[in-house]
Undergrad: 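Quick one: the structure is below, and I'll ask about it shortly.
Because only heavy atoms are used, hydrogens play no part in the values below, and waters and symmetry mates are left out as well, while side chains stay in. Residue numbers begin at 1 in each chain, while the letters A, B, ... track the order of the sequences.
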Amino acid sequence: MAQRLALQRLLSLPTRGPLASHRRAFGTSAGRRSTFNVQDGSDFQDRVVNSPKPVVVDFHAQWCGPCKILGPRLEKLVAKLEGKVLMAKVDIDDHTDLAIEYEVSAVPTVLAMKNGDVVDKFVGIKDEDQLEAFLKKLIGA
Amino acid sequence: GKNEYDLLVIGGGSGGLACAKEAAQFGRKVAVLDYVEPSPQGTAWGLGGTCVNVGCIPKKLMHQAALLGSALKDAQHYGWNISQPVHHTWSVMAQGVQNYVKSLNWGHRVQLQEKKVKYFNIKGSFSDPHTVRGLTKAGKETVVTADNIVIATGGRPKYPMHVAGALEYGITSDDLFWLKESPGKTLTPFVLNVSLECAGFLTGIGLDTTVMMRSVPLRGKICFTIQQQMASLVTEHMESYGTKFLKRCFPTKVEKLKSNRLQVTWKNADLNTEETDSFNTVMWAVGRAPDTKTLNLETIGVKTNSETGKIIVDASEATSVPHIYAIGDITEGRPELTPTAIAAGKLLAQRLFGQSSELMDYDNVPTTVFTPLEYGCVGLSEEAAVQRHGSDNIEVYHAYYKPLEFTVAERDVTQCYMKMVCLREREQRILGLHFIGPNAGEVIQGFALGIKCGATYPQMMKTVGIHPTCAEEVTKLHITKRSGLDATVTGC
């Protein structure tokens, strides 16, 4: 009984704290807005290069197994940051020239971009702790 | 010079990419044009050419899928508990294969970038001997000029234009590997390496498959065997494993039914009748045509063979225009193989920019047909050897052998066969080696080195075999066709 009451109270908590952001990760408006698929070169220019907020760019491919693990993992952590960082997804088969321009050779390649410049980068899969540190550095720096 | 590039390569396939990357190693300014005109059915693909996208790679992977199916059947005999019948899902295989091919497209793109080769995704045509212009997919015109130009545009499958409905309703190998859904019940006219290989793996994954052939391959007539002896054995094996063969038939029309199936009508030359049946897919295998139509070769004077349309080249891959070269499937008289195109491309680049004078050696090129029971060979066929030296001057050693792995699995070994064609005179140099069996490509590769080095029959007999393998039987060949003795050999 006490447990049920405690749970009810938990669920009626205002939108702050660890539970709140966890709920937000599951497709709330903030989560959806913070990740987007790049449509073309000019879209990349507008929403990534010219973005007022720092952007994490995830270069991925349909045929890349590790990408399918890294993508959602990164998306979840970006969503937790409630809009402080945006995430742009680039399918390298659809946007080959863009990927080549940014010197992507293996996938997944993730770039951290701020004010149009690449300030950080990693290639391959990373665990949550490493990704959190990567994102923290991007917002902090 | 006044031209923008030292080398322009038209065609980003096996030959073209190899040539471009090699030239770039010498610090030259190199550009590659690649463009894939969609097939009549609308199939297109990325950088890498026929081999990567619609040839060797997807074919071998699907062949492997079929072999795994056979292995699953064999597994029971070896103690595995696998419920039969085992089912195959085309879309899972296709996605795996297509994803791998896409990763290769990307890999090639990255390689060009790393080697500083400029890449244009445009369909180029000559406007003068040093200038190629083309349109991007978006319609923007690009002009490229170069001191040297290499044409490596390869070929595309032909359609039998005299058969009504062939173009509208049929597909070719260009489309087969990119199908998202199973091709279902398939008919493939006629008998070429590609149709046998495709019919082979389609049967292997459980599809109702029929090969139509215009003439019957000679069977068992050992006295005047040709490469046809090997072809017969391969097709016999396919037949015993479930591929249907319509012999001495040729199609007259293809119509689409309301059910979306295809109704094919053909003439049976033996019975002088007209027959018909419905299929889900008709895949044409009537040969490949060189991709030269839009290049505009006539205006710049590059000569082509009037019959085949292929570009005529000399031993240095030069065309009739001095600074224009051609390599790969597009060239007349050359094998339609990836390794020869790659080697020719590299040597050409070395001659142009690396002070080399080494020409490509097209002799004794080994190759393999990846039918369910594979056929690998290197050197002369028996027929070619007879033609060149006379039947009295050659000795053919042969054997019907039994792969050990087939024994417990109770597999039919009737067509597991090999033969070695040698000169009869003193040295007894080996002219050709032919092998039908599992892993034929792996077996033949090493022997190709031996033949290149001029290996002789006595040397082969001194070579100790690895036991137990199929390849060791090559080192033990001793029964001649001339003797007329039974060529069946036992392992131990």
Undergrad: Ring-plane angle category for Phe59(A) and Phe44(A), please: parallel below 30°, perpendicular beyond 60°, tilted otherwise.
TA: tilted
Undergrad: Can you say whether Val107(A) sits under 4.5 Å from chain B via the side chain, the backbone, both, or neither, judging by heavy atoms?
TA: neither
Undergrad: Return the option, out of Cys64(A), Ala99(A), Ser105(A), Ala61(A), with the maximum number of heavy-atom pairs under 4.5 Å with chain B.
TA: Ser105(A)
Undergrad: Can you tell whether the side chains of Glu75(A) and Lys89(A) come within less than 4.0 Å, N to carboxylate O?
TA: yes
Undergrad: Quick one: which of Lys102(B), Glu114(B), Gln111(B) has the most heavy-atom pairs under 4.5 Å with chain A, could you say?
TA: Lys102(B)
Undergrad: Could you check whether Glu37(B) pairs with Lys123(B) (Lys NZ or Arg NE/NH1/NH2 to Asp/Glu carboxylate O, under 4.0 Å)?
TA: yes
Undergrad: Is the Phe201(B) ring parallel, tilted or perpendicular to the Phe177(B) ring (thresholds 30°, 60°)?
TA: tilted
Undergrad: Out of Ile100(A), Ile92(A), Asp93(A), Val104(A), which one racks up the most heavy-atom pairs below 4.5 Å with chain B?
TA: Ile100(A)
